[in-house]
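This report refers to the structure that appears directly beneath it.
Below, read A as the first sequence line, B as the second, and so on, with proteins coming before strands; counting in each chain starts at 1. Just so it is clear, the structure is predicted and the values come from calculations on it, not from any experiment.
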Protein chains: 2
Amino acid sequence: MATQATPPDLDQTLMALADPTRRAILHRLSEGEMRVTALARPFAMSLNAVSKHIRMLERARLVRRRRAGREHLLSLTPEPLDAAAAWIAEHRALWTARLDALDAMLKAEDRAGTKTPEKKGGAR
Amino acid sequence: MATQATPPDLDQTLMALADPTRRAILHRLSEGEMRVTALARPFAMSLNAVSKHIRMLERARLVRRRRAGREHLLSLTPEPLDAAAAWIAEHRALWTARLDALDAMLKAEDRAGTKTPEKKGGAR
DNA sequence: CCAGAATTCAACCTGTTGGTTGAATTTTAC
DNA sequence: GTAAAATTCAACCAACAGGTTGAATTCTGG
């Protein structure tokens with residue numbers, strides 16, 4: 001019964017994406033490399049807070065850091081999104097299909113049930 | 001400059017998915033309605049812990065609860081996955097395209113630079 | 001050399017996750 | 001009516017998220 005080994009990378013990616021500030025950071029970074037200070041400017045929070053968000057994005061490997069002297073240039077590395085998108089799409093399809101199958105089965109059973117009320121419960 | 005209103009629903013959906021136990025719960029639920037106890041059995045944690053995960057999944061509207069006497073029947077409602085999948089897919093495409101464009105631009109600039117090192121100011 | 005800029009580090013606070021155990025609640029079954 | 005089943009509620013705990021402020025670090029430029 002395969003323990004379905006769910007990758008911890010997916011945890012980190014989804015967790016990183018589950019915050020509007022971090023999504024906004026990624027969005028800004030899609031326009032190119034940017035320093036921490038520049039990146040932080042539009043947000044209504046301290047530089048330190050943004051720095052922490054960046055650290056979390058790095059941990060999820062959605063952002064890469066390149067030091068150039070005293071400034072740290074951040075850039076977007078969207079690869080982890082592939083896995084996340086794939087996981088969600090795949091499971092959405094699988095689950096929807098299963099639920100549809102169940103629904104069809106229930107409807108069929110119901111039709112049969114009204115004719116031969118045996119099996120379980122019958123009408124309610 | 002549209003404040004890009006990031007929906008809090010997305011936060012909850014992604015947060016809910018960012019945990020292996022909760023993903024496993026959803027997976028089991030794709031096989032049909034199940035009681036809390038039955039759902040909790042395979043997990044190496046207390047019933048209460050699973051109950052809390054379920055509550056979080058309900059908050060994200062990924063799971064619906066139907067009370068039938070003393071038992072609560074949980075079922076999967078995969079709709080919120082649509083929004084999550086759409087958001088990720090859309091941004092992945094947009095961001096990748098932007099990064100590609102940036103890259104192409106940099107390469108072109110580089111080629112131009114090595115051939116005709118004039119542009120402005122001339123020699124250095 | 002030295003002031004200042006760009007960052008992080010460290011400590012702290014508050015709220016939430018993720019887990020526990022034990023008691024309450026509601027419903028079924030004898 | 002009462003025991004037991006299926007759940008949650010309540011209190012607690014450790015860890016972490018998300019934020020703050022203040023001090024340290026590391027570079028740059030006059």
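Under 4.0 Å is where a charged nitrogen must lie from a carboxylate oxygen, and between Asp11(A) and Arg22(B) no such pair does. The existence of a salt bridge linking Glu31(A) and Arg98(B) is confirmed by a sub-4.0 Å separation between a basic side-chain nitrogen and an acidic carboxylate oxygen.
Less than 4.0 Å separates DNA chain C from no heavy atom of any residue of residues 29-37 of chain B. A heavy atom closer than 4.0 Å to some atom of DNA chain D occurs in Ser51(B), these being the qualifying members of residues 50-63 of chain B.
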Interface polar pairs with nucleotides 21-27 of chain D, N/O, under 3.5 angstrom:
from    : atom 1 : to       : atom 2 : distance (Å)
dT21(D) : O4     : Asn48(A) : ND2    : 2.4
dG22(D) : O6     : Asn48(A) : ND2    : 2.6

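The closest donor-acceptor contact from the side chain of Arg67(B) to the backbone of Leu73(B) lies at 3.5 Å or more, if one exists at all. The backbone N or O of Pro78(B) sits nowhere less than 3.5 Å from a side-chain atom of Arg92(A) that would complete a donor-acceptor pair. In terms of modelled atom types and a separation under 3.5 Å, the side chain of Ser51(A) and the main chain of Leu47(A) share no donor-acceptor contact.
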message: Could you go through Asp19(B) and Leu14(A), starting from their C-alpha distance and side-chain angles, then the distance that decides it, and tell me whether this counts as side-chain contact (heavy atoms from CB on, under 4.5 Å)?
response: CA-CA 9 Å; Asp19(B) 179 282; Leu14(A) 293 174; over 6 Å; no

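Crowding of Arg61(B) atom CZ: a count of heavy atoms from other residues, nucleotides or ligands under 6.0 Å not exceeding 12. When the shell of 6.0 Å around CZ of Arg65(B) is examined, it contains more than 12 heavy atoms from other residues, nucleotides or ligands.
Between Gly32(A) and Leu102(B), the closest heavy-atom pair is CA-CD1, 3.3 Å.
The CG atom of Leu47(B) sits 13 Å away from the P atom of dC9(D) (whole-angstrom rounding). One can place CG of Leu39(B) at 14 Å from P of dA6(D), the figure rounded to the nearest angstrom. Protein atom CG of Asp11(A) is 13 Å distant from nucleotide atom C1' of dG18(C), rounded to whole Å. One can place CG of Leu73(B) at 14 Å from C1' of dT27(C), the figure rounded to the nearest angstrom. Distance, Ile25(B) CD1 to dT17(C) C1': 14 Å, rounded to whole Å. A straight line from CE of Met15(A) to P of dT17(C) spans 9 Å, rounded to a whole angstrom.
Residue His72(A) has a polar side-chain atom (N or O) positioned under 4.0 Å from OP1 or OP2 of dT8(C). Of the side-chain N and O atoms in Arg22(A), one or more sit less than 4.0 angstrom from OP1 or OP2 of dG18(D).
Ranking dT7(D), dT8(C), dG19(C) by closeness to the Arg65(B) side chain, first place goes to dT7(D).
Here the straight-line distance linking atom CH2 of Trp87(B) with atom CD1 of Ile88(A) works out to 10.5 Å at 0.5 Å rounding.
Under the 30°/60° scheme for interplanar angles, the aromatic rings of His91(A) and Trp95(A) are found to stand perpendicular.
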